[in-house]
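Notes for the one structure printed next.
Residue numbers start from 1 in every chain, and the chains themselves are labelled A, B, ... in the order their sequence lines are given, proteins ahead of strands.
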Number of protein chains: 2
Amino acid sequence: MKASVVMIEPNGHFCSDCGVRGSAVCSSLDPAELREFEHLGRRVHFSSGETVFSEEDITTSFYNVLDGVMRLYKLLPDGRRQIVGFALPGDFLGMNLSGRHNFSADAIGAVIVCQFAKTPFGRFIEDRPQLLRRINELAIRELGQARDHMVLLGRRSADEKVAAFLLGWRERLLALKGPSDTVPLPMSRQDIADYLGLTIETVSRTFTKLERHGAIEIIHGGISLLDPARVEALAAA
Amino acid sequence: MKASVVMIEPNGHFCSDCGVRGSAVCSSLDPAELREFEHLGRRVHFSSGETVFSEEDITTSFYNVLDGVMRLYKLLPDGRRQIVGFALPGDFLGMNLSGRHNFSADAIGAVIVCQFAKTPFGRFIEDRPQLLRRINELAIRELGQARDHMVLLGRRSADEKVAAFLLGWRERLLALKGPSDTVPLPMSRQDIADYLGLTIETVSRTFTKLERHGAIEIIHGGISLLDPARVEALAAA
DNA sequence: GGCCAAAATTGATCTGGGTCAATCGCGTTT
DNA sequence: AAACGCGATTGACCCAGATCAATTTTGGCC
């Protein structure tokens, strides 16, 4: 689905009471800088399935996810898809060298992003090395996650992939929603399959198997970890 | 194999005539800075198979590869290995958040690195945002490569993986050694297999198949691309 | 509530690539 | 030059996960 901006709020919002204030790029700014920064970003809403940007697009903006979940993916010419990550509130998207995004991003459910035009944002960074340092920090963290995911894709079995995914997703939600053994899965089985390098059928079968063994319970819109230790053992961390 | 430093040259070298001067992190420094920078780094030699640093090690140094090839990899507890990349001259290693390397690095053949102690290097960066920007640039490039590799690991067939590897490796050597259809492969078949998420047997069979079809010729220490177009078609870019 | 479309599950079967097991090639040692 | 060792190749067989094919479940939407 191609993007169509649903709603723009050019003003009337304040970084100071933004939900991701503490974790996002902007956490590196002091209150005075924050007021200036406020004028650079616009909140933009996307509805479920909309494309925020595409792989081949020229980068004109950076994005800070404020609310919702996005899938980040690359497509092969024949349509095979690899999801390279899911973006959650606080994640920063759009950094690149070539001037083009090198992956595509869709909203999974309703999403709100804070959108920055490339040029003014670049100027703002110019004389604020602590913001650059923060962006570098986020890039390095992502690089670590990317390497972990390579291990999963290249060297783990289907059971291990699914178990590791459930634990990893719970871990990511921990920071946002607090600890819980009930893990919401807003993405489809196809999304999970494309993230893990599996087919939808294998993901479904593995979920069912885990449920039969009493390790999880498949619930509406997610799963419940009945036996986290069992799932951890399967993930073979 | 555990690392043992073979040789140290604490002085007597100059950044200004360093082979990677133009491409490495130091390309962002002016001549005056370079003279100061010179005192931060030490050239260290490693011989074939030696480990430069390990995943679990606390980071005490950053490294700039000056000569040779390294394999960067992660191990699962049961010994399965995923090579997350190969490092070549000009590559910068050691960036991390946790204070620990999150992968291990071995020399493939003889290697020379420029080693920087973490703390003084951090201080040097402090008031040189253009160096930080350069490091950020390298991190973002690596992130793009990591995402491409995820697509390969998760969604490509064995034939495609091998073909894409040969072309990708040739591409990386292009910047260092100039264009050539003779592609040296200093790494073992096991290394290639662990990079592509395959077994050594599958890599070997795929090479043989490509050779039978006249696309490549297997030569001592590498391969020769007889029909690059054919290999590109197989890689299904 | 009833209808339709899309998503998820389940089953049957197939196959790409893994596993196991020789064998080969070649550089090194004695 | 014979013996050794190790990486690479090749062959035979197997199996985890893909593919193909029905259902079944879910979620809008009149």
Please output the side-chain donor-acceptor pairs of residues 70-80 of chain A that fall under 3.5 Å, not counting sequence neighbours, one pair per line with the distance.
{"residue": "R71(A)", "atom": "NE", "partner": "D106(A)", "partner atom": "OD2", "Å": "3.0"}
{"residue": "R71(A)", "atom": "NH1", "partner": "D191(A)", "partner atom": "OD1", "Å": "3.4"}
{"residue": "R71(A)", "atom": "NH1", "partner": "D191(A)", "partner atom": "OD2", "Å": "2.9"}
{"residue": "R71(A)", "atom": "NH2", "partner": "D106(A)", "partner atom": "OD2", "Å": "3.3"}
{"residue": "Y73(A)", "atom": "OH", "partner": "D106(A)", "partner atom": "OD1", "Å": "3.0"}
{"residue": "Y73(A)", "atom": "OH", "partner": "D106(A)", "partner atom": "OD2", "Å": "3.2"}
{"residue": "K74(A)", "atom": "NZ", "partner": "E55(A)", "partner atom": "OE2", "Å": "3.4"}
{"residue": "K74(A)", "atom": "NZ", "partner": "N102(A)", "partner atom": "O", "Å": "2.8"}
{"residue": "K74(A)", "atom": "NZ", "partner": "D148(B)", "partner atom": "OD1", "Å": "2.9"}
{"residue": "D78(A)", "atom": "OD1", "partner": "R80(A)", "partner atom": "N", "Å": "3.2"}
{"residue": "D78(A)", "atom": "OD1", "partner": "R80(A)", "partner atom": "NE", "Å": "3.2"}
{"residue": "D78(A)", "atom": "OD2", "partner": "R80(A)", "partner atom": "NE", "Å": "2.9"}
{"residue": "D78(A)", "atom": "OD2", "partner": "R80(A)", "partner atom": "NH2", "Å": "3.1"}
{"residue": "R80(A)", "atom": "NH1", "partner": "R155(B)", "partner atom": "O", "Å": "2.8"}
{"residue": "R80(A)", "atom": "NH1", "partner": "E160(B)", "partner atom": "OE1", "Å": "2.9"}
{"residue": "R80(A)", "atom": "NH2", "partner": "E160(B)", "partner atom": "OE1", "Å": "3.4"}
{"residue": "R80(A)", "atom": "NH2", "partner": "E160(B)", "partner atom": "OE2", "Å": "2.8"}

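- Non-hydrogen atoms lying under 4.0 Å from DNA chain D are contributed by nothing in residues 71-79 of chain B.
- Note on residues 203-217 of chain B: pairs passing salt bridge (Lys or Arg N to Asp or Glu O under 4.0 Å), not counting sequence neighbours, are D159(B)-K209(B).
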Donor-acceptor pairs under 3.5 angstrom involving side-chain atoms of residues 226-237 of chain A: please list them, not counting sequence neighbours.
{"residue": "D227(A)", "atom": "OD1", "partner": "R230(A)", "partner atom": "N", "Å": "3.2"}
{"residue": "R230(A)", "atom": "NH1", "partner": "H213(A)", "partner atom": "O", "Å": "3.0"}
{"residue": "R230(A)", "atom": "NH2", "partner": "H213(A)", "partner atom": "O", "Å": "3.4"}

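- Taking the 5' to 3' direction, DNA chain D first and last meets chain B under 4.0 angstrom from a heavy atom at dA8(D) to dA12(D).
- Take K177(B) and apply the side-chain contact (heavy atoms from CB on, under 4.5 Å) test, not counting sequence neighbours, and it matches P184(B).
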Step-by-step salt bridge (charged side-chain N to carboxylate O under 4.0 Å, His left out) determination, E142(A) to R147(A): CA-CA 9 Å; E142(A) 267 191 84; R147(A) 289 185 185 119; over 6 Å; no

Where do N or O atoms of nucleotides 9-17 of chain C meet protein N or O atoms at under 3.5 Å, pair by pair?
{"residue": "dT9(C)", "atom": "OP1", "partner": "R189(A)", "partner atom": "NH2", "Å": "3.0"}
{"residue": "dT9(C)", "atom": "OP2", "partner": "R189(A)", "partner atom": "NE", "Å": "2.7"}
{"residue": "dT9(C)", "atom": "OP2", "partner": "S204(A)", "partner atom": "OG", "Å": "2.8"}
{"residue": "dT9(C)", "atom": "O5'", "partner": "S204(A)", "partner atom": "OG", "Å": "3.0"}
{"residue": "dT10(C)", "atom": "OP2", "partner": "T208(A)", "partner atom": "OG1", "Å": "2.7"}
{"residue": "dG11(C)", "atom": "N7", "partner": "R205(A)", "partner atom": "NH1", "Å": "2.8"}
{"residue": "dG11(C)", "atom": "O6", "partner": "R205(A)", "partner atom": "NH2", "Å": "3.4"}
{"residue": "dA12(C)", "atom": "N6", "partner": "R205(A)", "partner atom": "NH2", "Å": "3.4"}
{"residue": "dG17(C)", "atom": "OP1", "partner": "A158(B)", "partner atom": "N", "Å": "2.8"}

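- With D194(A) as the fixed residue, the side-chain contact (heavy atoms from CB on, under 4.5 Å) test singles out one of R81(A), Q82(A), M187(A): R81(A).
- For the pair V162(A) and L198(A), the minimum side-chain heavy-atom distance is below 4.5 Å.
- In this view, S23(B) and V20(B) satisfy the side-chain contact (heavy atoms from CB on, under 4.5 Å) rule, not counting sequence neighbours.
- For R172(A), the salt bridge (Lys or Arg N to Asp or Glu O under 4.0 Å) partners two or more places apart in sequence, or in a different chain, are D91(A).
- Map H220(B) and S188(A) each onto its nearest nucleotide of DNA chain C; the residue landing nearer the 5' end is S188(A).
- The ring pair (Phe, Tyr, Trp, His ring centres under 6.0 Å) pairs that include a residue from residues 171-199 of chain B are F86(B)-Y195(B), H149(B)-Y195(B), F165(B)-Y195(B), where partners are two or more places apart or lie in different chains.
- Contacts of F62(A) classified as ring pair (Phe, Tyr, Trp, His ring centres under 6.0 Å), with partners at least two apart in sequence or in another chain: F92(A), F121(A).
- Axis orientation changes by 40° from one end of the helix from dG1(C)-dC30(D) to dT30(C)-dA1(D) to the other, with each end axis drawn from 5 pairs and the value rounded to 10°.
- Defined by atom type and a distance below 3.5 Å, a donor-acceptor pair is missing between the side-chain atoms of S54(A) and T51(A).
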